[in-house]
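Notes for the one structure printed next.
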Amino acid sequence: MIPYGRQDIGDEDIRAVLDVLKSDFLTQGPVVPRFEAAVAGQCGAAHAVAANSATSALHIACMALGLGPGDRLWTVPNTFVASANVGVYCGAEVDFVDIDPATYLMCPARLAEKLDRAEREGTLPKVVIPVHFAGQSCDMAAIGDLARRYGFRVIEDASHAIGARHRDRPVGDCAHSDICVFSFHPVKIITTAEGGLATTNDPGLAQRMELARSHGVTRDPALMDKSSEGGWYYQMVTLGYNYRMTEMQAALGLSQMDRLADFVARRNTLADRYDAMLDGLPLVRPVLGPANLSAWHLYPIQVEDRARVFGQLRASGIGVNVHYIPVHTQPFWQARGFGPGDFPVAEAYYARAISIPLYFGLTEADQDRVVEALRDAL
Ligand SMILES: *Cc1c(COP(=O)(O)O)cnc(C)c1O
């Protein structure tokens with residue numbers, strides 16, 4: 001079976017993890033800050049806070065922005081469930097903004113309409129999470145303009161998009177957002193097995209995310225409400241979790257960062273090759289928004305008779321997948337008042353969507369097999 005995505009682990013990666021296993025630190029030690037510095041440097045962001053998953057990073061990002069009961073978080077239905085769940089973790093109400101039918105990304109025009117209505121009804125969101133679906137950035141300048149006008153905060157869910165560029169700037173520089181979150185799950189662009197990271201340019205947000213990541217406990221006298229009682233002393237100044245990344249994960253991530261440019265370049269080459277080979281077939285190919293260099297986490301196509309095509313591809317050994325079942329149609333969200341018909345663009349896209357294999361190690365022969373099987377199925 002050719003999978004839809006998979007990690008690429010080299011000898012350097014294995015050596016880096018083994019070195020850490022022989023060192024003094026297994027949980028968060030000196031390698032985690034080196035990994036954070038590497039990602040911050042790649043993104044041109046002032047701060048980076050690593051965590052044990054992107055879900056955790058999104059959660060501490062919401063906590064740092066003060067999201068709580070009585071607040072609202074908006075995201076898109078075309079995402080993984082985690083982008084919405086973090087609002088529930090914080091006791092906030094969650095709502096969704098429909099996607100653009102061409103790019104499958106949060107549609108700034110729909111966001112503007114919904115904000116206009118929410119302003120009149122007194123239901124404006126505190127946090128909006130646009131998702132850089134499939135690896136390309138949302139229109140962050142437009143979303144940032146709306147954030148200033150309506151006074152909400154922005155967390156980019158860039159789980160798919162490390163190494164991507166938008167208007168010639170790296171995704172993660174937070175030029176139009178408060179915080180940007182990456183995932184290092186094995187199917188994503190680089191991996192730490194499980195892992196995630198948040199970038200920000202705001203030192204206060206970085207500090208709050210660091211506290212939330214580690215029990216709300218600090219040894220920094222500047223953060224304590226009275227002076228230290230001795231070398232053993234720490235204070236718990238807020239409620240936090242144990243969301244720390246291990247040294248093994250950070251070492252793997254640091255080593256993978258060395259190949260980020262290669263990973264993204266190869267994915268772009270393969271996506272271009274799909275574009276050329278699929279031209280003329282009865283399917284909709286993915287479209288990039290203006291001035292986007294995608295990290296190409298996914299290559300989503302739309303076809304008629306999706307269930308049959310999907311089944312036939314799987315039967316021919318092609319590990320296709322579907323991204324995403326619209327979040328608001330999940331039983332959990334239907335029990336909270338959402339239902340089919342609420343976000344018709346995301347639903348119409350989902351009804352025809354298939355993600356075909358795309359990953360660093362996919363060979364051209366594999367890719368030819370995928371296209372052949374797809375041609376047969378269509
Ligand atoms: C993978 C993913 C997440 C969650 O990432 P984890 O690191 O597995 O917690 C969140 N949002 C999106 C869009 C994702 O693809």
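Ligands are counted one by one from 1 in listed order, and the atoms in each one are counted from 1 as well. Treat the numbers as computed from the prediction; the structure is a model and nothing was measured.
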Proximity to ligand 1 by part of Phe182, non-hydrogen separation under 4.0 Å: neither
Protein residue, atom and distance nearest to atom 10 (C) of ligand 1, heavy-atom basis: Ser159 OG, 3.4 Å
Approximate separation, where rounding is to 0.5 Å, of His166 NE2 and Leu293 CG: 12.0 Å
Heavy atoms from other residues, nucleotides or ligands near CZ of Arg285 exceed 12 (cutoff 6.0 Å): yes
Minimum-distance protein heavy atom relative to atom 4 (C) of ligand 1: Thr55 OG1, 3.6 Å
Pick from Ser83, Ala161, Ser183: the one approaching atom 8 (O) of ligand 1 most closely through a non-hydrogen atom: Ser183
Atom indices of ligand 1 within 4.0 angstrom of Ser53 heavy atoms, with elements: 7 (O), 9 (O)
For the student: nearest non-hydrogen atoms of Asp100 and Ala102, plus distance: OD1-N, 2.7 Å
Phe133 heavy atom under 4.0 Å from ligand 1: no
Contact check, Gly195 vs ligand 1, heavy-atom distance below 4.0 Å: yes
Value rounded to 0.5 Å, distance of CD1 in Ile143 from SG in Cys107: 9.5 Å
Phe184 ring center near Phe35 ring center (under 6.0 Å): yes
From Ala158, Ala82, Ala54, Ala51 - option closest to atom 6 (P) of ligand 1 by heavy atom: Ala54
Side chains of Asp225 and Gln235, donor plus acceptor under 3.5 Å: yes
Interfacing atoms of ligand 1 (cut-off 4.0 Å, heavy-atom, Thr79): 13 (C)
Ligand-residue contact atoms, ligand 1 with Tyr324, heavy atoms, under 4.0 Å: 15 (O)
Ring geometry between Tyr349 and Phe133 (parallel below 30°, tilted from 30 to 60°, perpendicular above 60°): perpendicular
Closest approach of any protein heavy atom to atom 15 (O) of ligand 1, naming residue and atom: His160 NE2, 2.7 Å
Heavy atom of the protein closest to atom 11 (N) of ligand 1 (residue, atom name, distance): Asp157 OD2, 2.8 Å
Mutual orientation of the aromatic rings belonging to Phe263 and Phe360 [parallel < 30°, tilted 30-60°, perpendicular > 60°]: perpendicular
Atom indices of ligand 1, in the order listed, that fall short of 4.0 Å to a heavy atom of Val131: 13 (C)
Ligand 1 N/O within reach of Glu194 N/O, cut-off under 3.5 Å: no
Member of Val86, Thr75, Asn85 meeting the side-chain contact (heavy atoms from CB on, under 4.5 Å) criterion with Leu58: Val86
For atom 14 (C) of ligand 1, the protein heavy atom that lies nearest, with its residue and separation: Lys188 NZ, 3.2 Å
Steps toward ring pair (Phe, Tyr, Trp, His ring centres under 6.0 Å) verdict (Trp333, Phe96): CA-CA 11 Å; Trp333 291 106; Phe96 303 91; 5.7 Å; yes
